[in-house]
Protein chains: 2
Amino acid sequence: MRKPVELQLLDFVPFRLNRLASEVSQRLSDIYRDRFGLEIPEWRIVATLGPDRRCTAQYVAESTRMHKTRVSRAAARLAELGLLQRGSSAADGREVLLRLSAKGRRVYAALVPLALERQRLLMACLEPAEAAAFLHGLARLERSLGLPQSGDPAPG
Amino acid sequence: MRKPVELQLLDFVPFRLNRLASEVSQRLSDIYRDRFGLEIPEWRIVATLGPDRRCTAQYVAESTRMHKTRVSRAAARLAELGLLQRGSSAADGREVLLRLSAKGRRVYAALVPLALERQRLLMACLEPAEAAAFLHGLARLERSLGLPQSGDPAPG
DNA sequence: TTAGATTGGTTGCGATCGCAACTATATGCC
DNA sequence: GGCATATAGTTGCGATCGCAACCAATCTAA
């Protein structure tokens with residue numbers, strides 16, 4: 001007599017990852033949405049550019065794995081808000097070079113400490129060794145799926 | 001001279017969780033979308049109900065943390081496809097009791113082994129001890145955020 | 001040089017989502 | 001009983017997203 005295969009959704013890792021990510025994002029959103037009027041794609045562009053990086057929309061899309069239309073619209077909105085300068089590339093007339101404006105850098109400087117504090121709070125439920133083990137697994141999964149990691153050579 | 005606070009998005013855990021979850025979902029979607037015409041919310045309802053459970057939309061919403069409108073529309077679609085029966089509750093006339101139809105149970109039986117195999121493949125990049133440590137951290141994070149876990153008493 | 005293919009980025013469009021408002025039933029209080 | 005409040009679920013609506021199509025610039029090769 002063969003046991004029927006069952007699945008408990010609450011034990012299913014892809015579901016759990018989605019739900020966790022969604023919950024974490026939800027709680028994080030009040031700092032970039034409520035306080036600064038930014039949505040996730042815009043916050044990702046700001047964080048990718050950082051205080052001084054100048055790069056193409058293509059770079060942001062590859063690095064964050066966002067669809068290029070999502071990057072395009074988020075960059076348009078950031079430019080509209082005056083947080084981002086969009087310049088032409090001398091090397092390639094198709095490219096759009098993105099860079100934070102002075103106002104954008106001020107937003108970045110205000111946002112980053114809050115974001116890092118939230119990350120600290122999130123991970124505070126884990127002992128240091130547990131956190132390290134979790135992050136180790138996370139990194140392995142990322143690598144296994146071909147996701148860009150901070151040690152990787154710059155995309156493009 | 002104070003060092004300015006910086007943030008590498010690729011090291012930022014909330015971003016990494018979102019990106020990983022999105023990538024895993026993307027790769028999983030071909031089994032429930034391409035093969036069965038189901039989207040994530042519908043698949044979650046099917047998986048929550050399982051072969052024999054009968055429960056309310058409210059239960060599904062709390063258990064999966066989906067918005068009640070998302071559950072409502074996904075349930076309507078499943079009923080339209082003939083995978084789900086929606087009945088009235090004798091105890092409370094407002095409730096809608098959800099249960100898989102025979103066709104729904106056949107879809108469940110076909111989907112579950114594929115889903116479990118995908119989960120196995122996903123985790124195959126980790127040694128058993130690494131996988132255990134990762135899942136331990138995941139469970140701790142879930143508990144810390146108040147997310148329902150499989151050992152918890154049934155919601156409602 | 002010039003036609004075709006490729007690439008970076010934007011836009012049109014249909015689909016999904018979450019919020020707010022709504023309907024209908026149930027409950028509490030007098 | 002009867003009115004106010006709360007709850008389960010649905011629906012209208014505006015916003016976001018990804019795909020496909022498109023535009024413009026670059027590259028390739030005859």
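Residue numbers start from 1 in every chain, and the chains themselves are labelled A, B, ... in the order their sequence lines are given, proteins ahead of strands.
Panel note: side chain B:Y108, backbone A:L7; a donor-acceptor pair is recorded below 3.5 Å. In this structure, the side chain of B:R140 does not engage the main chain of A:E127 through any donor-acceptor pair within 3.5 Å. Put simply, the side chain of A:T64 gets close to the backbone of A:V60: a donor and an acceptor are under 3.5 Å apart.
In the set C:dT25, D:dT11, C:dG8, D:dT11 carries the atom at the smallest distance from any side-chain atom of B:S72. Here the side chain of B:R94 is nearest to one of C:dT25, C:dG9, D:dA25, namely C:dT25. Minimum atom distance to the side chain of B:E95 is reached by D:dG9, of the listed C:dG9, D:dG9, C:dA26. Among the nucleotides C:dA24, D:dG9, D:dG18, the one closest to the side chain of A:H67 is D:dG18.
Here D:dC17 presents its P atom at 18 Å from CZ of A:R65, a figure rounded to the nearest Å. Remark: P of C:dT10 and CG of A:L78 are 12 Å apart, rounded to the nearest angstrom. Whole-Å rounding puts the B:R33 CZ to D:dG18 C1' distance at 10 Å. In this structure, A:Q58 places its CD atom 16 Å from P of D:dT26, rounding to the nearest Å. Between the CG atom of A:N18 and the C1' atom of C:dC17 there is a distance of 14 Å, rounded to whole Å. Atom NZ of A:K68 and atom P of C:dT7 are 10 Å apart (whole Å). In this structure, the CD1 atom of A:I40 is 9 Å from the P atom of D:dC17, given to the nearest Å.
The stretch residues 79-89 of chain A does not touch DNA chain D, since none of its heavy atoms comes less than 4.0 Å from the strand.
Taking the six-membered ring where the residue is Trp, B:Y32 and B:W43 present parallel rings, their angle staying beneath 30° rather than reaching 60°.
Residues A:F12 and B:L141 are members of separate hydrophobic clusters, defined by side-chain heavy-atom contacts under 4.5 angstrom among Ile, Leu, Val, Met, Phe, Trp and Tyr.
Residues B:A90 and A:A57 each lie close to DNA chain C; by heavy-atom proximity, the contact nearer the 5' end of the strand is made by A:A57.
Heavy atoms only, all atoms of each residue included: B:S150 and A:D11 are closest at OG-OD1, 2.8 Å.
The side-chain heavy atoms of B:L147 and A:E23, taken from C-beta on, include a pair separated by under 4.5 Å.
None of B:R33, B:R73, B:R77 except one satisfies the side chain to side chain donor-acceptor pair (under 3.5 Å) rule with B:E42; the exception is B:R77. A:L49 pairs in a side chain to side chain contact (heavy atoms under 4.5 Å, CB included) with only one of the listed residues (A:L100, A:L78, A:L83), which is A:L100.
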Can you give me the N/O atom pairs linking the protein to nucleotides 12-16 of chain D at distances under 3.5 Å, or say none if there are none?
{"residue": "D:dG12", "atom": "O6", "partner": "B:R73", "partner atom": "NH2", "Å": "3.3"}

